[in-house]
Protein chains: 2
Amino acid sequence: MTGQVTLADVARAAGVSPATASRALNGSPGRTVRADLAVRVAAAAVELGYSVNAHAQAMARGTTTTVGLIVHDIADPYAAAIASGVMAAAAERGLIVTIASTASDAALELTHLRALLQQRARAVILAGSRFTDAESTAAMSSVTAAIAAAGGRIAAIGADRLGVRTVEIDNFGGAAHLASTLCSLGYRHFAVLAGPEHLVTCDDRLAGFREGLAGAGVDLDPENVLTTQFTRDGGYVAMRELLDRGLAADCVFAVNDVMAVGAMAALREHGYRVGSDVALAGFDGIPTLRDIEPPLTTVRLPLPEIGRAALELAVAGETGPRPAPVRGDVVVRASTPGVASVP
Amino acid sequence: MTGQVTLADVARAAGVSPATASRALNGSPGRTVRADLAVRVAAAAVELGYSVNAHAQAMARGTTTTVGLIVHDIADPYAAAIASGVMAAAAERGLIVTIASTASDAALELTHLRALLQQRARAVILAGSRFTDAESTAAMSSVTAAIAAAGGRIAAIGADRLGVRTVEIDNFGGAAHLASTLCSLGYRHFAVLAGPEHLVTCDDRLAGFREGLAGAGVDLDPENVLTTQFTRDGGYVAMRELLDRGLAADCVFAVNDVMAVGAMAALREHGYRVGSDVALAGFDGIPTLRDIEPPLTTVRLPLPEIGRAALELAVAGETGPRPAPVRGDVVVRASTPGVASVP
DNA sequence: CTGTTAGCGCCTTCAC
DNA sequence: GTGAAGGCGCTAACAG
């Protein structure tokens, strides 16, 4: 950072005041600079290889161009898809995106959020926070309050447990719709690979699924609802357990797609063919999964659009109407071909 | 950003000077603060809800805690896996990661790089830049030079075309090893879905593959080498073309895994069963692909470790030994079961 | 060990 | 339209 070219250098080289150079290079509301001066300044800037110092600018202007995005794991396709939407929308506005992964660790999430506060991020997006204990919630709330006090905006995706603006996802409705669709395909005996307990997203999907089944007069045996990690390995483990105790279901619903992938692997290891031997459905609509064999039935969420909406919600702040919950589309594919005896 | 509590406020509340407060809260090399004062300062900070302003800190200290990562598309599992490694290593050092996607657009890449310069990022990692024309290279070089001049470090992953420290990947060797392995499985007629022309990574993989075949006395018909996009859709399109002209190969090599996924989809649409009807191999070792059916033979790269290495290389700067190129492991799975007549 | 003093680079009143 | 001056919040000297 030594020997940096500063605005003062440029101004001197162009024979104008720093103020004029600033106005010429970075603009100033309502003010203009004479064309010839502007040209001279621009030339000097290029000549000297000048580049604004964003920190100095942030100091002086009192506002930044950084937005933060907090996810569980950027390597999870769900998070990556959302991130791509956030980043695209941010790029359009000249905003820079800082991403942090919590690795499902509440302390880490807090650390990242604090860092974003220190950066005076203009907005931060919480994509799928999953800690519901009172202690972490309180700690998070205090930081989000500080961010808000500093003029930053906060938005959440999915479930809001912090009282912030949220891009809501109709997990309940999507799961219910999926359940009734599966019933109409002739399935009657279900098992659910649920996520961890007390995770709102999972709870909603499970509740919605149950509701959908009930609408078709189908019951869900509590024995067939397994709580597990919200990951590929979680799905694998839970499916193995189900198989070990002798699978008593003709259709398995994994509350998200990556869990379904794990379940698929477990089924295959056990010699089951997904589709013909047992049906399988997921939730999220991760892009890659349309290409697996058999293609997975799922509730497809417009993930990049959700990310984009979250960014827009965050930068818009309190103004604007509350957005409608995002609904997913039930996509029936070969992993749930339907029961043969049903037309 | 108004009504922010500043260090001066904390100092006043604690009855000490700003300097002492600064030393107590944020430390200073070699200096210590008397315990009781430190306690008072800490208490005041909590009381007032103080949070350092990272921009002011960056200004005063002349250095930042931001590192930038530039990828093509964060939704690509390859980039996401690298990013997770970069972020993990960064978190350990208290560094914040800013990610930008170029969407394979040279102008966008330049824009992002400039933004990182303005932020005075301590390091920036270029993961798979793919523009080789003289104009973009020159523009990029001038910005990287400016970043270096500002004390920032640059590191690249894969091919280095900018003269920066690079985590090299042995694409040639990996592809050669894959080719000879496939030959030993009995395959003799190959097709390659190559990426775009002049993309160093692709060129290396193609050349290595050819070399490996040559070592087994097998020839690669130029007709069977298709240039295409480096994406899932690229693989799909190229595979369709190959099929339309009547597939004249018993084994197809896609130069990366996402292309292989697209190829698999095209094959399936045409009624081919991957593995038994035609063999298929990829490159990268993207995690999800171990779970697809049939599991994909590939050259597995330790993507998160590569990301981690790139970060370490970048923050280490010019010191330290040049790291050895990363070698991939050939992983043979069911997509290349081998030719029946061969034991 | 603590306090005082100068900036870091930029923007923005306020005069001109 | 331009310029001069003050300050954003923090830390690194320098005294004490």
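Throughout, protein chains are lettered first and strands after them, A, B, ... in sequence-line order, and every chain is numbered starting at 1. Everything numeric here is computed off the predicted structure, so don't read it as measured data.
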(message) Just the rounded figure in Å: distance from C1' of C/dC11 to NE2 of A/H55.
(response) 17 Å
(message) In whole Å, I'd like the distance from the CD atom of A/Q4 to the P atom of C/dG7.
(response) 19 Å
(message) If you only use heavy atoms from C-beta on, which nucleotide in D/dG3, C/dG9, C/dT2 is closest to the side chain of A/T20?
(response) D/dG3
(message) Nearest to the A/V52 side chain among C/dC10, C/dT12, C/dT4, which nucleotide is it?
(response) C/dC10
(request) Return the value, rounded to whole Å, for the distance between atom CZ of A/R61 and atom C1' of C/dC10. (result) 9 Å
(request) Round to the nearest Å and state the distance from B/Q118 atom CD to C/dC8 atom P. (result) 20 Å
(message) Under 4.0 Å from OP1 or OP2 of D/dT11: is there any side-chain N or O of B/Q57 that close?
(response) yes
(request) Starting from C1' on C/dC8, measure out to CD on B/Q119 and report it in whole angstrom. (result) 17 Å
(message) If you define the side chain from C-beta out and look only at heavy atoms, does anything of A/I157 sit under 4.5 Å from A/I82?
(response) yes
(message) Taking the minimum atom-to-atom distance to the side chain of B/A60, which one of C/dC10, D/dG9, C/dT4 wins?
(response) D/dG9
(request) Could you tell me which residues satisfy side chain to side chain donor-acceptor pair (under 3.5 Å) with B/T20, sequence neighbours excluded, listed by chain and number? (result) B/S17
Side-chain donor-acceptor pairs under 3.5 Å in residues 27-42 of chain B, sequence neighbours left out?
residue: B/R34; atom: NE; partner: B/D36; partner atom: OD1; Å: 2.9
residue: B/R34; atom: NH2; partner: B/D36; partner atom: OD2; Å: 3.2
residue: B/R40; atom: NE; partner: B/A14; partner atom: O; Å: 3.1
residue: B/R40; atom: NH2; partner: B/A14; partner atom: O; Å: 2.9

(request) Measure from the side-chain N and O atoms of B/T6 to the backbone N and O of B/A8, and report whether any donor-acceptor pair falls under 3.5 Å. (result) yes
(request) To the nearest Å, give me how far apart CE (A/M59) and P (C/dG7) are. (result) 18 Å
(request) List for me each residue that meets side chain to side chain donor-acceptor pair (under 3.5 Å) alongside A/R61, sequence neighbours excluded, and say none if there are none. (result) none
(request) May I ask you to evaluate whether B/T6 reaches the phosphate of D/dG9, defined as a side-chain N or O under 4.0 Å from OP1 or OP2? (result) no
(message) Run the side chain to side chain donor-acceptor pair (under 3.5 Å) test against B/R23 and tell me which residues pass, sequence neighbours left out.
(response) none
(request) Return each pair, listed once, that meets salt bridge (charged side-chain N to carboxylate O under 4.0 Å, His left out) where at least one residue sits in residues 63-89 of chain A; pairs must be two or more places apart or across chains. (result) none
(message) In whole Å, I'd like the distance from the CG atom of A/N53 to the P atom of D/dC10.
(response) 16 Å
(message) So, using side chain to side chain donor-acceptor pair (under 3.5 Å) as the criterion, who are the partners of A/Q119 when residues are at least two apart?
(response) none
(request) Find the distance A/R40:CZ to D/dG1:C1' and express it as a whole number of Å. (result) 14 Å
(message) Using a strict heavy-atom distance below 4.0 Å, which residues from residues 22-35 of chain B are in contact with DNA chain C?
(response) B/R23, B/R31, B/T32, B/V33, B/R34
(request) Measure the angle between the two terminal helix axes of the helix from C/dC1-D/dG16 to C/dC16-D/dG1, five base pairs each, and quote it to 10°. (result) 40°
(message) Let's see if you can work this out: which of C/dG9, C/dT4, D/dC10 has an atom nearest to the side-chain heavy atoms of A/A56?
(response) C/dG9
(request) Hey, could you give me each pair passing side chain to side chain donor-acceptor pair (under 3.5 Å) that has a residue in residues 104-115 of chain B? Not counting sequence neighbours. (result) B/H72-B/S104, B/E109-B/S129
(message) Taking B/E312 first and then B/R165, would you say they form a salt bridge - that is, a charged N and a carboxylate O separated by under 4.0 Å?
(response) no
(message) On DNA chain C, does the nearest nucleotide to A/A21 precede the nearest nucleotide to B/L37 from the 5' side, or the other way round? Give the residue.
(response) B/L37
